[in-house]
There are 2 protein chains.
Amino acid sequence: MKKQESASDGIRNKKGLTEAEFLVDYNPARYERPSVTVDMLIFTVKKRKEKNYRKLPENMLNILLIKRGEHPFLGKWALPGGFVNMDESLEEAAYRELEEETGLRDVYLEQLYTWGDVKRDPRTRVISTSYMALADSRVLSPKAADDAAEAAWFSVGYNLLKESREDTKDGYILRQTYQLILTGDEEKLTAVLEVTKTVNKGTVLIDRKLKESEGIAFDHGRIIAYAMERLRSKIMYTDIAFHLMPELFTLTELQQVYEVILGKELLKANFRRKVARMVAETKEYRTDAGHRPSKLYRFNIEI
Amino acid sequence: MKKQESASDGIRNKKGLTEAEFLVDYNPARYERPSVTVDMLIFTVKKRKEKNYRKLPENMLNILLIKRGEHPFLGKWALPGGFVNMDESLEEAAYRELEEETGLRDVYLEQLYTWGDVKRDPRTRVISTSYMALADSRVLSPKAADDAAEAAWFSVGYNLLKESREDTKDGYILRQTYQLILTGDEEKLTAVLEVTKTVNKGTVLIDRKLKESEGIAFDHGRIIAYAMERLRSKIMYTDIAFHLMPELFTLTELQQVYEVILGKELLKANFRRKVARMVAETKEYRTDAGHRPSKLYRFNIEI
DNA sequence: TCAAAAGTGTTGCATCTACACCCATGC
DNA sequence: GCATGGGTGTAGATGCAACACTTTTGA
């Protein structure tokens with residue numbers, strides 16, 4: 001973001017070189033280097049069809065995946081992403097990938113985590129930084145992919161299957177098994193994650209292992225699971241949910257987004273009080289359904 | 001952490017190659033690659049001397065820095081760190097650097113953020129992942145550095161200097177100026193950070209610029225500032241503070257750690273109620289000072 | 001004796017939780 | 001009419017902020 005000013009002008013090192021002289025001499029190719037990529041977790045909310053004229057359509061959290069057309073993991077589904085060019089920052093690479101994949105530019109983007117296991121890509125050593133983008137449901141140009149790659153939205157389910165706690169001498173071990181289910185129009189992908197929290201005299205170690213992975217390429221099941229946990233914790237104390245909403249929305253639609261991310265139901269009255277200060281009502285109503293019309297709200301910038 | 005099983009056995013790509021055949025052919029050296037490093041933010045808490053026999057020594061948050069013995073930024077202070085080897089994960093590299101620098105192994109370690117600006121290192125393109133380590137005050141082997149590099153602890157101060165808000169058409173711009181002050185035995189290093197939050201129709205953009213940097217190498221002032229913000233927000237809803245404490249501690253010592261990280265004073269009675277469930281009292285007392293003896297507590301594993 | 005810190009109690013206010021209840025619509 | 005969702009009120013529990021107060025020690 002900012003160019004470093006030369007900070008040690010005139011100072012000479014042990015060989016008597018100034019910084020400028022040193023840099024001319026510097027050979028960056030001495031060490032072997034890993035490849036660096038960005039992986040994009042692009043989320044949006046989509047409605048499921050509903051034939052009952054009274055019932056509201058159910059909202060689902062969706063993620064964009066790309067079907068791999070080349071080895072490795074040929075035919076499996078992977079996160080969109082690609083190599084970081086030498087003349088672009090990580091963030092610029094993330095925005096570029098986002099735009100290539102969806103045509104979107106002005107959306108919420110957040111760096112999630114950097115994955116650096118040695119064998120995570122069978123081709124070569126790849127370190128990849130994952131970014132999470134939240135797009136609202138209006139602008140879902142699903143397959144704006146210019147290359148031949150097939151892109152599709154998958155609804156995301158992430159649930160705790162089983163939990164066990166074992167007490168040790170100076171602490172305990174908490175084992176949690178989560179299931180990730182990604183449902184597309186034709187395919188259903190699954191992964192099972194084992195999260196182990198080892199607490200020992202105040203030292204906490206969290207290990208996330210991918211136990212099974214059906215149809216998902218690389219370690220991307222683990223990355224999606226990590227994103228879900230981040231989404232769940234952030235939705236409670238920030239306003240990220242609004243990035244998934246269109247300009248105007250009903251409070252029930254907003255509540256459904258919260259419920260879909262948290263994986264549990266909320267009480268209507270309490271939810272409305274909780275978000276009251278974050279929304280501003282408009283004069284418009286949604287009237288198409290077989291029940292009382294609902295007021296439309298927008299995000300309240302004042303807070 | 002886990003080797004990927006070959007997931008597309010037998011499937012052939014457009015050229016008729018199986019995954020095994022494809023990988024034999026794959027040439028990883030086609031693209032130019034950035035260097036990847038880890039930067040370590042090693043924090044601990046140290047007491048300041050106090051001559052008044054009644055008064056308690058003041059606790060300060062400290063960070064370990066290394067004086068650069070080579071260009072660029074020769075003579076400036078930098079975060080410990082180094083290149084990631086091809087056969088070690090990012091986390092393994094972080095633990096290795098931590099051990100080389102401090103001799104510590106079993107401490108709290110957390111990945112913070114990955115910095116990928118193009119010009120952040122004048123030598124070559126360097127992408128670096130920062131890790132935060134919290135060590136308790138007992139085990140501070142300050143300069144276990146085996147090489148010639150000089151290492152030292154600096155107390156950390158991070159304060160909001162100025163804040164202004166400007167309303168725009170569809171949102172607002174919040175500008176905050178923070179000052180980072182690192183005080184060592186002989187030197188005082190400073191940096192000024194400008195954090196700009198641009199809120200626009202629900203899109204939030206956070207930009208952190210390093211405005212001044214006195215005595216701190218690279219963009220490390222910005223990284224330290226980021227770590228301070230992470231520490232501040234996490235201390236309120238997690239138990240990380242305990243990783244900075246020795247096995248046994250008084251509640252006042254614990255409160256001082258909270259105060260030093262938050263940069264503000266807390267009310268004693270309320271603080272004690274807040275941490276009550278996270279600590280377990282022992283039968284031991286601290287009796288050396290000119291006031292009522294204080295009970296020693298330990299971290300409560302039960303919660 | 002007394003400064004400094006250890007430690008406890010109280011009160012008011014804000015927030016969360018659970019549940020009950022009435023309102024308005026399209027078919 | 002009625003199923004469905006829109007929308008509000010209330011009582012009890014819980015949590016937090018601010019302040020006042022008592023206790024104990026070493027020099």
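In what follows, chains carry the letters A, B, and so on, assigned in the order in which the sequence lines appear, proteins first and then strands, with residues in each chain numbered from 1. For clarity, every value in this text was computed on a predicted model and none was experimentally measured.
Per the geometry, CD belonging to E253(A) stands 13 Å off P belonging to dG5(D), to the nearest Å. L266(B) has its CG atom 13 Å from the P atom of dC16(D), to the nearest Å. A straight line from CG of D288(B) to P of dA6(C) spans 11 Å, rounded to a whole angstrom.
Proximity of L161(B) to Y178(B): side-chain heavy atoms (C-beta onward) are nowhere separated by under 4.5 Å. Using a 4.5 Å heavy-atom cutoff, the side chains of W153(B) and T44(B) are in contact. Side-chain contact between F43(B) and L231(B): present, with at least one pair of heavy atoms (C-beta onward) separated by less than 4.5 Å.
Between N270(B) and Y53(B), the residue whose closest nucleotide on DNA chain D is further toward the 5' end is N270(B). Checking G290(A) against K268(A), the closest nucleotide of DNA chain C that is more toward the 5' end is the one next to K268(A).
With hydrogens and angles left out, the side chain of R54(B) and the base of dA4(C) share no donor-acceptor pair within 3.5 Å. For R273(B) against dT14(D), no side-chain N or O and base N or O form a donor-acceptor pair under 3.5 Å.
In this model, the phosphate group of dG7(C) is approached by a side-chain N or O of R272(B) to a distance below 4.0 Å at OP1 or OP2. Between T252(B) and the phosphate of dA6(C), there is a side-chain N or O to OP1/OP2 separation shorter than 4.0 Å.
Within the helix from dT1(C)-dA27(D) to dC27(C)-dG1(D), the inter-axis angle between the opening and closing five-pair segments is 0°, rounded to 10°.
At the heavy-atom level, L56(A) lies under 4.0 Å from the strands shown only through sugar-phosphate atoms.
No option in E259(B), Q256(B), R48(B) other than Q256(B) meets the side-chain hydrogen bond (donor to acceptor under 3.5 Å, both in side chains) test with N59(B).
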